[in-house]
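Here the structure is a predicted model, which means the values were calculated and not measured. Every number for a ligand or one of its atoms is a count from 1 in the order of the listing. Hydrogens, waters and symmetry mates are skipped; everything else that's a heavy atom, side chains included, is used.
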Amino acid sequence: MSFRVCVHGLGTIGLPTAALLAEAGHDVTGCDIAGNVVRAVNAGRAAFHEPGLDELVARGVASGRLRAAARPVPAEYHIIAVPTPFAEEHRPDLSCVEAAVDAVLPLLRAGNTLILESTVPVGTTEQLAARIAAARPDLVVPKPGAAARPGSIHLAHCPERVIPGRALQELTQNDRVVGGLGAGCAHRAADLYCDMVRGRIALTDCRTAELVKLAENAYRDVNIAFANELAAICGRFGVEPWTAIALANRHPRVSILAPGAGVGGHCIAVDPWFLVHGAPEEARLIRTAREVNGAVPPRVLRRIRDAAARFEVPRIACLGLAYKPDADDLRESPALGIVQDLARDGREVTVADPFLRGLPPPLAALPNVVLRDAAEAVLTSDVVAVLVAHTPFRGLDPRLFEGKQVVDAVGLLAG
Ligand SMILES: NC(=O)c1ccc[n+]([C@@H]2O[C@H](COP(=O)([O-])OP(=O)(O)OC[C@H]3O[C@@H](n4cnc5c(N)ncnc54)[C@H](O)[C@@H]3O)[C@@H](O)[C@H]2O)c1
């Protein structure tokens, strides 16, 4: 069956979703407040890099089933995939979600389904229902656990768990959790996804779906924190952490993750705070994990500064700027923050990141920061800080590092 769909927010999540729904035969309009995003889609491409996405968008636009607009349009399904950052003191900032809901309010008709894909604090879907009910008393709005009522709209939370770089595969292959607000809502939302998703679709209530998504990212954060804490403990005892972890992982029921220069991106570094904010007395381990991971970049920075203190005019090379290996994504990147701090110290910093074509705005204007090829950066430096385990760095000749002060935050040279 083909539906009219409006996707609000055409970023990492919204645009691949919109393009895949169009590919599955639905009539899709994506709306975004950023003019360049809308223009790019209507020109048949994405405004950001995601493997295979340009081709998919071009096909959707050429078929007439996909288009972008600055304003939402009437549709049987509205999907909201806008950012959900945190504000001061790690309070969830739902202003983009609320703005998207407010924009769709006048368009909602009986029988329409509103699906929230953004990652949100537990209880948000219910709060949005109350917002809609207050603004549109003419609509029948579902209630948690209540029976379906004739002429009702439908509300559901369907969190996304894809990894950028593999969005198209994971959007279709991952299992999905669909949480409905009232009776029938989850089924109604699943009706849209079933043509696109080849993974299993599990139906539940919206509170459970909201919690599941946050639990997934908190789980990752806690496990990364364990690895980072262990690396710090190894440092205290003069033990090489990557060797110790590799040996511990030979235990059949142990699987310790890799330590690094910190946790970045706008999911794992953000979403656990939604649990801490909502359940401050209970989420003690989750809060501690955030604090443990947050303390890693300052510790790496301290090690680099200590190494640099041995030289009168130290030349520092920083390998990697992205928040994770083999990506160009700089959101909340610990490596970027470390380089900015070194630059503020007035140090000469040579950055190497094979996934970037140029230095990003906060660094580009600085006279003491340059971007170079990795081998050249190492060769011309006194101190080398390895901040991201990009695969191309593994091909560097180990002899390049001889005689250098090396701060290897990711175990590139280990073992
Ligand atoms: N990126 C991921 O890997 C990932 C994975 C799982 C979940 N999520 C969640 O999905 C949500 C969206 O994340 P993303 O990575 O796609 O964000 P993004 O920053 O890549 O894109 C968001 C888009 O929404 C647009 N936008 C902002 N406010 C809007 C509004 N009121 N109306 C219409 N458009 C608006 C922005 O211009 C932007 O183009 C977030 O809640 C995020 O936590 C992201």
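Nearest protein heavy-atom neighbour of atom 20 (O) of ligand 1: T12 OG1, 2.8 Å. Nearest protein heavy-atom contact of atom 32 (N) of ligand 1 is I33 CG2, 3.8 Å. With respect to atom 41 (O) of ligand 1, the closest heavy atom belonging to the protein is T84 OG1, 2.6 Å. Here the protein heavy atom with the shortest distance to atom 21 (O) of ligand 1 is G11 CA, 3.1 Å. Of all protein heavy atoms, the one lying nearest to atom 14 (P) of ligand 1 is H266 NE2, 3.7 Å. The nearest protein atom to atom 31 (N) of ligand 1, hydrogens excluded, is given as C96 O, 3.6 Å; this is a heavy-atom distance. Atom 11 (C) of ligand 1 has its closest protein heavy atom at V82 O, 3.4 Å. G9 CA, 3.4 Å is the protein heavy atom nearest to atom 24 (O) of ligand 1.
In terms of polar-atom proximity, H8 is not counted as a contact of ligand 1, lacking any N or O under 3.5 Å from an N or O of the ligand. Checked by distance only, ligand 1 and D32 come closer than 3.5 Å through their nitrogen or oxygen atoms. Looking at ligand 1, you won't find any N or O of E160 less than 3.5 Å from one of its N or O atoms.
Within the 4.5 Å cutoff, the side chain of I79 has heavy atoms near those of the L192 side chain. Between R207 and E210 the shortest side-chain heavy-atom distance falls below 4.5 Å. Looking at H157 and L116, their side chains come closer than 4.5 Å, going by heavy atoms from C-beta outward.
Ring geometry for W273 against H90 counts as parallel: the plane angle stays under 30°, on a 0 to 90° scale with 60° as the upper cut.
Close approach of ligand 1 to P164 is summarised as follows: ligand atoms under 4.0 Å from at least one heavy atom of the residue are 3 (O). Taking a cut-off of under 4.0 Å to the non-hydrogen atoms of V162, the atoms of ligand 1 that pass are 3 (O), 5 (C). Near A34, meaning under 4.0 Å from one of its heavy atoms, ligand 1 places the atoms 37 (O). Within the listing of ligand 1, atoms 19 (O), 22 (C), 24 (O), 27 (C) sit less than 4.0 angstrom from a heavy atom of P83. Distances below 4.0 Å separate heavy atoms of I13 from the following atoms of ligand 1: 2 (C), 4 (C), 5 (C), 8 (N), 10 (O), 16 (O), 44 (C). Residue contact check: C31 has heavy atoms under 4.0 Å from atoms 33 (C), 34 (N) of ligand 1.
One finds the CD1 atom of I163 at 12.0 Å from the OG1 atom of T12 (value rounded to the nearest 0.5 Å). Atoms CG and NZ, on L275 and K213 in that order, are 11.5 Å from each other to the nearest 0.5 Å.
Across all non-hydrogen atoms, the minimal contact from P16 to A167 is CG-CB, 4.3 Å.
Of the residues V349, L321, V300, the one that meets the side chain to side chain contact (heavy atoms under 4.5 Å, CB included) test with I338 is V300. Each of L301, N228, V263 was scored for a side chain to side chain contact (heavy atoms under 4.5 Å, CB included) with V296, with one residue passing: N228.
For the residue pair H390/D353, the side-chain donor-acceptor check at 3.5 Å is satisfied.
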Determine, stepwise, if the pair L107 / V73 fulfils side chain to side chain contact (heavy atoms under 4.5 Å, CB included).
CA-CA 7 Å; L107 305 176; V73 297; 5.5 Å; no
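If you look at S118 next to ligand 1, the close heavy atoms, those under 4.0 Å, come from the backbone and the side chain alike. Proximity of I163 to ligand 1, defined as any heavy-atom pair under 4.0 Å, is not found for any part of the residue. With a heavy-atom cut-off of 4.0 Å, C267 touches ligand 1 through its side chain alone.
The 12-atom threshold is exceeded at CZ of R136, counting heavy atoms of other residues, nucleotides or ligands nearer than 6.0 Å. Few gaps surround CZ on F3; more than 12 heavy atoms of other groups in view lie less than 6.0 Å from it.
Taking 4.0 Å as the cut-off, R71 does not count as a neighbour of ligand 1 on heavy-atom distance.
Taking each of I268, L116, T119, D329 in turn, the one with a heavy atom nearest to atom 42 (C) of ligand 1 proves to be T119.
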